[in-house]
2 protein chains.
Amino acid sequence: MDDGDDAIRQSAPAELPGEDTQAHRFGLAREAQATAVTEDYVELIDDLITTGGEARPTDIARRLGVAHATAIKTISRLKRDGFAVSRPYRGVFLTEQGRELACRVRARHRLVVEVLTMLGVPEDVAEADAEGIEHFVSPVTLAAFAAYRDRHGA
Amino acid sequence: MDDGDDAIRQSAPAELPGEDTQAHRFGLAREAQATAVTEDYVELIDDLITTGGEARPTDIARRLGVAHATAIKTISRLKRDGFAVSRPYRGVFLTEQGRELACRVRARHRLVVEVLTMLGVPEDVAEADAEGIEHFVSPVTLAAFAAYRDRHGA
DNA sequence: TTCAAAATGAAGCCTTGGCTACAGATTGCC
DNA sequence: GGCAATCTGTAGCCAAGGCTTCATTTTGAA
Ligand SMILES: [Mn+2]
Ligand SMILES: [Mn+2]
Ligand SMILES: [Mn+2]
Ligand SMILES: [Mn+2]
């Protein structure tokens with residue numbers, strides 16, 4: 001309002017994307033974030049059942065590094081949302097919907113780790129970073145990753 | 001407790017990492033998540049100031065796709081944590097700490113987009129996915145990305 | 001100078017996902 | 001069969017990050 005910056009303002013360097021575009025991108029990231037915990041739980045539950053035969057709340061909590069009460073509350077959301085069922089002292093079980101999600105999530109997790117590793121990231125760091133990254137890899141990017149892996153020796 | 005799965009249990013297929021290792025990884029992801037919003041805000045504020053001369057709460061909110069009240073509350077956390085200061089109707093300003101963070105965050109954002117693009121991800125998808133991925137790329141992975149970019153044509 | 005539009009910010013509500021503390025159920029060992 | 005250890009689950013607390021509503025301030029144009 002004091003300095004005449006009209007020229008600057010109207011020739012806006014185009015370094016920033018359009019407002020709507022950017023808002024949409026942030027919105028997508030927020031959506032992905034909202035499902036991240038669900039994805040981690042179903043993947044872990046499926047892993048525990050596959051390798052150990054059962055997935056008890058206590059085991060889930062210990063593997064996630066959270067208090068057991070936290071795990072129980074989250075599991076109740078999983079049940080509410082149709083991803084799991086549970087029988088006290090018998091463990092948590094995935095519904096068909098839960099297994100389907102776990103399957104997709106695990107495949108994505110592995111592909112992300114694989115690509116990171118191919119890019120020169122040490123295995124354990126790749127595994128750690130993938131735990132966060134995986135939730136934000138869209139289907140298109142996932143396809144690009146798969147193509148890259150297939151293109152180059154795996 | 002009924003079927004004898006001792007053999008299965010003690011020869012645990014080693015598909016899962018150790019409990020502590022896995023808990024640690026999830027913990028790192030939770031930590032990274034906790035700073036994601038701060039990172040997006042400071043990066044955006046810095047962009048707005050650079051390209052438009054000012055960063056008003058309303059502009060920030062519109063670009064993020066959130067209500068202005070949400071932006072204001074988050075900005076107050078930014079101020080509380082020493083990343084920003086603000087003068088009503090004059091916009092938000094980054095502290096030295098804020099600018100430093102913005103700088104790192106922007107560099108990381110760009111490198112992530114660059115690598116995704118090199119991997120065959122379309123520009124706009126790369127830009128969208130990077131908005132989430134960026135927050136989980138550790139320094140080691142970032143270095144690997146930079147090396148990859150330099151190694152191959154950029 | 002007036003005044004309507006725009007921006008600001010506070011208040012209060014919600015859900016998620018953390019936590020601790022406590023109560024109750026089950027298991028499995030002796 | 002009993003009992004201690006383990007597991008489960010509830011209750012209640014907290015902060016973050018969304019939201020809407022409303023009051024107030026500032027701006028800028030007439
Ligand atoms: Mn994960
Ligand atoms: Mn995972
Ligand atoms: Mn981001
Ligand atoms: Mn970013």
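In this text the structure is predicted, and so the values were computed from the model without any measurement. Here is how names work: the chains are called A, B, and so on, in the same order as the sequence lines, proteins then strands, and each is numbered from 1.
Look at CD1 on B:I72: it is 15 Å from C1' on C:dG12, rounded to the nearest Å. Rounded to whole Å, the distance from CD on A:Q33 to P on C:dT16 is 13 Å. Rounded to an integer number of Å, the gap from CD1 of A:I60 to C1' of C:dG18 is 17 Å. Between A:K79 atom NZ and D:dT10 atom C1' there is a gap of 13 Å when expressed in whole angstrom units. Separating the CZ atom of B:R56 from the P atom of C:dA6 is a distance of 11 Å, rounded to the nearest angstrom. Here the C1' atom of nucleotide D:dA16 and the OH atom of B:Y41 are 11 Å apart, to the nearest Å. Following rounding to the nearest Å, A:R90 (CZ) and C:dA25 (P) show an atom-to-atom distance of 17 Å. C:dG17 atom P lies 15 Å from atom CG of A:L44, rounded to whole Å.
On a pure distance criterion of 3.5 Å, no polar donor-acceptor pair joins the side chain of B:K73 and the base of C:dG9.
A:R77 has a side-chain polar atom (N or O) that falls below the 4.0 Å cut-off from OP1 or OP2 of C:dG17. Note on B:T58: every side-chain N or O is 4.0 Å or more away from OP1 and OP2 of C:dA6. In this structure, B:T70 does not reach the D:dG17 phosphate: none of its side-chain N or O atoms is under 4.0 Å from OP1 or OP2.
If you check every strand for non-hydrogen atoms under 4.0 Å, A:T74 touches nothing. Residue B:R80 is in sugar-phosphate contact alone, with no base atom involved, counting any heavy-atom pair closer than 4.0 Å across all strands shown.
Proximity note for B:A69 (side chain, C-beta onward) versus C:dA10, D:dG18, C:dT20: the nearest is C:dA10.
Each of A:T35 and A:Y89 was assigned the nucleotide of DNA chain C with the nearest heavy atom; the assignment lying further toward the 5' end belongs to A:T35. The residue among A:A34 and B:R62 whose nearest nucleotide of DNA chain C lies closer to the 5′ end is B:R62.
With respect to B:E114 and B:R149, a salt bridge is recorded, a charged nitrogen being found less than 4.0 Å from a carboxylate O.
Note: A:F136 and B:F136 meet the aromatic proximity criterion, with ring centroids under 6.0 Å apart.
The structure places CD1 of B:I60 at 12.5 Å from OG1 of B:T70, a figure rounded to the nearest 0.5 Å.
Remark: ring of A:H68 does not overlap the six-membered base ring of D:dC7 in a stacked fashion, as centroids less than 5.5 Å apart with planes less than 30° apart are not both met.
When atom types are taken as modelled, the side chain of B:R63 and the backbone of B:L48 share no donor-acceptor pair closer than 3.5 angstrom. In this structure, the side chain of B:H109 does not engage the main chain of B:V105 through any donor-acceptor pair within 3.5 Å.
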